[in-house]
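Inspection log for the structure reproduced underneath, given as structure tokens.
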Number of protein chains: 2
Amino acid sequence: MKKTGKNIHSETICAVDYAFQRIGGKHKGRVIYHLRNGVRRYGELRRLLTGITAKMLTQVLRELEQDNLVTRHVYLEVPPRVEYQLTDTGRELLPFIILLSEWGRKQMGMETAVSC
Amino acid sequence: MKKTGKNIHSETICAVDYAFQRIGGKHKGRVIYHLRNGVRRYGELRRLLTGITAKMLTQVLRELEQDNLVTRHVYLEVPPRVEYQLTDTGRELLPFIILLSEWGRKQMGMETAVSC
DNA sequence: CAGAATCCTGCGAGATACTG
DNA sequence: CAGTATCTCGCAGGATTCTG
């Protein structure tokens, strides 16, 4: 609630732009992609998303949560456990994220391609 | 050829990331979207893409061209005419750009939504 | 008309250190 | 384990001016 500046939901522009703002950014696509098979813990995501810092992962997850694309479930245990999962809305994005990843893989040439 | 720094095609990472690097950025999605119906002139694009500067439009178009997503056809006339068009590869992205825009429109609520 | 050349700025994102 | 809190900086992207 502190960042009043860049609010996606204000005076919007174009649907394509809007969508890109919600799933764009450096890591959002990848995060969604790695949530495709269901529930993931924070630590799992950190391991899956190589090259992302804790800060960015947290930030991305929070944004996705605010945008109602993922849910965050905190288990009050010791040690703490937090699980993330796509919402229905987020899930609607999957087909197209996967499409995109297939396109990317194809473009890269299958040899160099890594699943992620 | 001057910017040796950020080269997409070097030591790539994840297919999703790769794809996002090619169609990400602030305006790329929109440009592709506006080329969906075929040939567009530079000036047309400028008018269609409200809020984009000449510099950015040119830059985006050049990047898309280098990435083999659009073709650039210069007519040696006075006044000059330059037409842009999606390549086959670029065209493969359309389904998903359109999907994305529909998703975006839906999310925004149809009232506020503008075609672009 | 379709750009190229400059200059300039904000903020996206990295590194590092600390905590319930 | 799953985060926060700072500090810092590069570069994406804007404004403006000039040109074939």
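Bear in mind the structure is a predicted one, so any value in this text is a computation, not a measurement.
As a whole-Å value, the separation of B:Leu76 CG from C:dG3 P is 12 Å. Rounded to a whole Å, the CG atom of A:Leu61 is 10 Å from the P atom of D:dT4. Residue A:Phe20 contributes atom CZ, which lies 17 Å from atom C1' of D:dG13 at whole-angstrom precision. Counting to the nearest Å, the P atom of D:dG3 and the NE2 atom of A:His73 are 13 Å from each other. Rounded to a whole Å, the CD atom of A:Gln59 is 8 Å from the C1' atom of C:dG12. Atom pair B:Leu57:CG and D:dA15:P shows a separation of 14 Å (rounding to whole Å applied). We find that CD of A:Glu65 is positioned 13 Å from C1' of D:dG3, with the value rounded to whole Å. Remark: P of D:dA2 and CZ of A:Arg72 are 10 Å apart, rounded to the nearest angstrom.
Remark: A:Gln85 engages no residue in a side chain to side chain donor-acceptor pair (under 3.5 Å) (not counting sequence neighbours). By the side chain to side chain donor-acceptor pair (under 3.5 Å) test, B:Glu83 is found to be paired with B:Tyr75, B:Arg81, residues two or more places apart in sequence or in another chain being considered. Applying the salt bridge (Lys or Arg N to Asp or Glu O under 4.0 Å) criterion to B:Arg62, with sequence neighbours excluded, gives B:Glu65. Scanning for ring pair (Phe, Tyr, Trp, His ring centres under 6.0 Å) contacts around A:Tyr84 gives an empty result, with sequence neighbours left out. By the side chain to side chain contact (heavy atoms under 4.5 Å, CB included) test, B:Thr50 pairs with B:Arg30, sequence neighbours left out. With sequence neighbours left out, A:Arg40 forms a side chain to side chain donor-acceptor pair (under 3.5 Å) with A:Glu44.
The end-to-end axis angle of the helix from C:dC1-D:dG20 to C:dG20-D:dC1, rounded to 10 degrees and based on five pairs per end, is 60°.
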Pairs under 3.5 Å (N/O, protein and nucleotides 14-18 of chain C):
unit_1	atom_1	unit_2	atom_2	d
C:dG14	OP1	A:Lys26	NZ	3.3
C:dG14	N7	A:Lys55	NZ	3.4
C:dG14	O6	A:Lys55	NZ	2.3

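A ring pair (Phe, Tyr, Trp, His ring centres under 6.0 Å) check over residues 46-72 of chain A, counting only residues at least two apart or in different chains, returns nothing. Counting only residues at least two apart or on different chains, no ring pair (Phe, Tyr, Trp, His ring centres under 6.0 Å) pair has a member in residues 46-67 of chain B.
Between B:Arg22 and B:Leu69 there is a side-chain heavy-atom pair separated by less than 4.5 Å.
Of the side-chain N and O atoms in A:Arg62, none sit less than 4.0 angstrom from OP1 or OP2 of D:dA2. Contact annotation: A:Arg41 side-chain N/O to D:dA2 OP1/OP2 distance is under 4.0 Å.
For the segment residues 77-87 of chain A, the set of residues with a heavy atom within less than 4.0 Å of an atom of DNA chain D comprises A:Pro79, A:Pro80, A:Arg81, A:Val82, A:Tyr84, in numerical order.
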Could you pull out every donor-acceptor pair under 3.5 Å between side chains of residues 51-59 of chain A and any protein atom, sequence neighbours left out?
unit_1	atom_1	unit_2	atom_2	d
A:Thr53	OG1	A:Met56	N	3.2
A:Thr58	OG1	A:Tyr42	OH	3.1
A:Thr58	OG1	A:Ala54	O	2.9

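Of all heavy-atom pairs spanning A:Gly29 and B:Phe20, the tightest one is CA-CE1, 3.7 Å.
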